[in-house]
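Encoded as structure tokens, the structure appears first; notes follow it.
Not measured: the values here are computed from a predicted model.
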Amino acid sequence: MSDHEHGPQAGRGGMNMPTGDSRTAGGAAASGSDGGHGAHGNMARGGMVSPVTRPQLFAVSFATVLALAAAVIYCTFQANLSLSARDVGGAVMPPGMIATYDTPAQAMREMAAVDPRLVGYTAPPDARGDQPLEPRVENGVKVFDLDVSVIKWNILPDLQVMAYAFNRQVPGPRIRITEGDRVRINVTNHLPEPTTVHWHGLIVPNAMDGPAEITQEPIRPGATYVYEFPVLQHGTYFYHSHREPDRQQALGMYGALIIDPKDPRTGPAYDLEYTIQLQEWLYRQGYTYPAMMMEGALPDYFTINGKAYPVTDTIPMKAGQKLLLRFIGSHHNFIHPMHVHGGPFTVVAKDGSPLAKSAQYEKDTINIGPGERYDVIWPAREPGKWLIHCHMPHHTTNNNVEVKGGGGLTMIIHVAP
């Protein structure tokens with residue numbers, strides 16, 4: 001045959017051969033001329049796959065089912081597949097949190113991020129917490145109104161957390177009363193969950209103490225509970241949530257409660273005072289979580305009165321003045337060794353109880369544990385900028401970063417000549 005005759009034969013055989021090579025094309029045509037057998041050979045050489053046999057199909061299907069079954073069995077030992085998104089409330093867990101298959105749904109809800117859809121108020125970036133709350137007087141009773149809700153709160157100019165806040169501020173407003181008063185505190189709950197309030201360290205009737213489901217039924221969302229009691233002590237105290245406090249208090253539900261003595265001459269002399277409330281925060285990827293002493297839930301930000309340095313307050317003083325510092329352990333994770341530069345201070349009261357003159361002592365660093373309170377007197381000996389800060393270095397950073405010489409639990413006493 002001529003080359004001209006072989007070209008079309010190669011095309012019909014389905015071979016993808018270069019048309020310029022007449023000898024190769026001719027060879028393909030010659031093989032293809034051998035009836036069906038030749039055509040089958042051409043198809044094999046052309047890359048066509050042989051039909052799948054039933055045994056092969058069965059083997060692959062069986063292996064797939066076996067792998068899926070193994071995956072399901074493995075997952076049952078890693079996560080509780082009986083829980084649904086409804087059970088855990090659509091919880092967003094902290095990155096890195098260790099949650100085993102037997103972690104209860106309630107625990108997940110407590111550790112979960114604040115739902116941004118629940119925020120009802122955004123505080124101005126420069127808003128301050130611990131603002132004095134003025135009472136009204138009804139039949140000789142001092143009446144205070146507290147409400148708690150979910151807000152956005154700036155702990156730094158460029159960092160906004162979602163918080164559970166009394167009266168739209170973190171910490172909650174400062175309640176200042178006098179020994180011998182009778183007080184009534186109306187607490188209205190605008191949270192998406194029940195709550196209560198405990199008056200930490202106060203002598204009160206048992207029904208007014210605040211532990212949820214022990215001395216009272218929790219305050220349901222939208223409801224108001226009235227606490228009323230006589231004031232029998234004086235000193236530094238505070239109030240905080242007592243239902244799931246590992247979540248609610250960690251997210252901002254606390255405030256100072258200062259009780260002045262009936263006799264103003266009681267106690268040590270000082271020129272000015274400042275209250276320090278400590279807190280720890282966990283903020284990651286736009287979500288705010290309750291900081292906890294658990295793997296994956298450790299805090300990365302720290303605040304004094306709701307702000308992290310460098311936007312913590314600066315205390316102005318003059319040399320020779322005496323400053324009363326009221327340290328409140330409103331946090332609930334670490335013990336914070338709080339140090340004051342510029343010389344030692346005198347510890348004059350502990351947990352609200354004044355120390356006798358003979359029992360007072362000097363220190364320059366004092367460990368503030370959760371729930372503890374210390375009153376100390378610091379004299380301004382020399383002009384300059386003197387620091388108050390936690391002596392755990394990580395706690396004086398913002399997400400492990402120093403800004404303007406510090407961060408977190410740091411503030412300045414500015415002493416003028």
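Under the ring pair (Phe, Tyr, Trp, His ring centres under 6.0 Å) criterion, Tyr289 pairs with no residue, sequence neighbours left out. Here Thr64 pairs with Val60, Leu68 under the side-chain contact (heavy atoms from CB on, under 4.5 Å) rule; sequence neighbours left out. Every residue two or more places apart in sequence or in another chain that forms a salt bridge (Lys or Arg N to Asp or Glu O under 4.0 Å) with Asp263 is listed here: Arg265. Judged as a side-chain contact (heavy atoms from CB on, under 4.5 Å), and not counting sequence neighbours, the contacts of Glu110 are Gln106, Glu244, Asp246. Arg220 pairs by the salt bridge (Lys or Arg N to Asp or Glu O under 4.0 Å) definition with nothing, not counting sequence neighbours.
In summary, the side chains of Gln279 and His331 do not present any donor paired with an acceptor at a separation below 3.5 Å, with no hydrogens or angles considered. For the 3.5 Å distance criterion, the side chains of Asn186 and Thr224 fail to qualify, holding no donor opposite an acceptor. With no hydrogens or angles considered, no side-chain donor-acceptor pair links His389 and His339 at under 3.5 Å. In the model, Trp281 has a side-chain atom that pairs as donor or acceptor with a side-chain atom of Thr303 under 3.5 Å. Side-chain atoms of Arg326 and Thr236 include a donor-acceptor pair closer than 3.5 Å. No side-chain N or O of Tyr283 forms a donor-acceptor pair with one of Asp300 less than 3.5 Å apart.
Here Arg128 pairs with Asp313 in a salt bridge; the nearest charged N to carboxylate O distance falls below 4.0 Å. Using a 4.0 Å cut-off between charged nitrogen and carboxylate oxygen, Lys262 and Glu179 do not count as a salt-bridge pair.
Around CZ of Arg117, the count of heavy atoms belonging to other residues, nucleotides or ligands within 6.0 Å does not exceed 12.
Sorted by first and then second residue, the pairs that involve residues 396-417 and meet side chain to side chain donor-acceptor pair (under 3.5 Å), not counting sequence neighbours, are His394-Asn400.
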**Q.** Residue pair Tyr227, Trp199: steps toward the ring-ring contact (aromatic ring centres under 6.0 Å, His included) verdict
**A.** CA-CA 10 Å; Tyr227 297 91; Trp199 316 99; 5.3 Å; yes
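When side chains are defined from C-beta on, Pro116 counts as touching Met162, because their heavy atoms get closer than 4.5 Å.
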